[in-house]
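Residue numbers start from 1 in every chain, and the chains themselves are labelled A, B, ... in the order their sequence lines are given, proteins ahead of strands.
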Amino acid sequence: MPYFEAKLRVNLNDFAEIREKLDFCEKLSINYIIIEPIDYFKEISKDVKEKIEKLSNSNIYYRINLKTQNIKDFRKKIKKVSHVSDIISLETFNPNLQLIAARDSRVDLLSYTNFKLLNTLSEGVLSLANQNGKYIEFGIKSIMNESKQSQSKEFRILFKSIQMAMSRKVKFIISGNFKNKYDFRNPRALISIVNTLIDIPMPEVKRAFNRNVVSLIERSKNRTNPDIIEKGVKLISDGET
Amino acid sequence: MVRLKIRYERQRYILFKIIIEPSHVFNKNEFLNKLWSIIWDYYGMNTANKVGLWIHKLDLEHKYGIIQCSHKTKEIIISALSLIKRIKDKRVIFSPVITSGTIKKLKEKIPIYING
């Protein structure tokens with residue numbers, strides 16, 4: 001099963017930069033990438049997707065990351081993207097909004113990719129995420145932090161949060177979320193880092209980089225599938241098995 | 001006479017790609033020092049004395065290298081290679097490509113993963 005880089009942030013207005021990043025990913029043998037447009041809260045058009053896919057031989061998927069601290073604003077933004085087949089994630093510091101999003105069927109993923117966000121992760125969110133089949137995203141950008149002191153603090157909180165998610169049996173994914181291209185690493189190398197430095201068991205880490213990401217992509221695709229009535233219920237036509 | 005039976009430790013050979021800034025050059029010693037300092041910084045002496053590190057090849061022209069280590073510390077070496085960010089204040093990436101139990105098998109795969 002392939003390993004994914006689940007968060008590659010790009011500027012959709014700068015195709016030269018996208019090409020550069022995708023070329024670098026190819027050099028590092030990162031073949032499965034989920035692209036996240038920066039500050040883009042609407043559907044990504046087919047033309048743009050085709051243009052991006054022409055730039056690289058990698059398998060590219062998309063996600064829309066809603067960044068907001070306001071419940072009203074969240075409702076407004078999610079209305080615009082609720083019909084898309086890309087992954088919809090939410091990044092917020094507001095604990096009430098996190099709880100609302102964990103219950104909202106349109107949100108696929110709750111993102112906690114930095115140190116400050118991780119501090120806001122609560123047991124309540126994890127419990128709701130488990131009940132509603134949501135995914136939680138952790139980021140390991142901190143491995144590139146130059147300061148050893150803040151790096152160890154970040155590792156500690158990351159360890160605590162992942163352990164909490166594992167004990168609540170919440171499905172989680174881990175992404176690199178690196179900005180600089182020289183910080184990019186192959187997901188297989190990131191698996192080793194998480195396993196050895198943050199002490200998460202190998203099968204769990206591998207699941208966070210492959211199986212959970214695949215099921216997250218399937219979940220987002222099923223949103224637009226008219227044959228799927230609700231979770232686990234699918235209309236089957238005559239002759240179909 | 002009592003004969004001691006020594007069980008040899010299994011080895012792993014790791015092939016890695018080197019990605020460097022244009023016109024950046026470093027030698028085997030600088031790479032080795034950096035790798036050891038990462039192992040010491042992140043994993044400590046307890047792990048450092050178990051790794052059995054050996055550099056088989058460091059080819060800057062074709063941008064790849066082969067490293068030998070104990071099979072128990074394979075993941076640590078892969079992590080340490082990935083955690084190297086700079087050599088001589090310039091950005092580098094050592095990206096592990098494939099691991100093998102024998103050097104012969106690994107060398108057969110170089111054309112596929114490095115040149116191909």
Relative to chain B, which of A:Val194, A:Asn186, A:Asp183 shows the most heavy atom pairs under 4.5 Å?
-> A:Asp183
So, the part of A:Phe184 with a heavy atom under 4.5 Å from chain B: the answer is backbone
Could you look at B:Lys85 and say if it's the side chain, the backbone, both or neither that has a heavy atom under 4.5 Å from chain A?
-> both
Side-chain donor or acceptor of A:Asn59 paired with backbone N/O of A:Tyr32 under 3.5 Å | no
Turns out that what part of A:Met144 lies under 4.5 Å from chain B's heavy atoms comes down to both
Using non-hydrogen atoms and a 4.5 Å limit, figure out which bit of B:Val97 sits close to chain A: side chain, backbone, both or neither.
-> neither
Nearest non-hydrogen partners of B:Tyr13 and B:Gly101, listed with the distance | CE1-O, 3.5 Å
Taking A:Ile191, A:Leu197, A:Leu28, A:Leu190 one by one, which has the highest count of heavy-atom pairs under 4.5 Å against chain B?
-> A:Leu197
Geometric cation-pi criterion A:Lys51 and A:Phe15, 6.0 Å radius, 45° cone | yes
Given that the side chain runs from C-beta out, which part of B:Tyr43 has a heavy atom under 4.5 Å from chain A: side chain, backbone, both or neither?
-> side chain
Side chain, backbone, both or neither: which part of B:Ile14 has an atom under 4.5 Å from a heavy atom of chain A?
-> neither
Does the gap between the ring centers of A:Phe93 and A:Phe115 come in under 6.0 Å?
-> no
Criterion side-chain contact (heavy atoms from CB on, under 4.5 Å) against A:Ile88, the qualifying member of A:Leu66, A:Leu109, A:Asn65 | A:Leu66
Using the salt bridge (charged side-chain N to carboxylate O under 4.0 Å, His left out) rule, pick out the option among A:Arg63, A:Lys49, A:Lys46, A:Lys42 that qualifies with A:Asp86.
-> A:Lys49
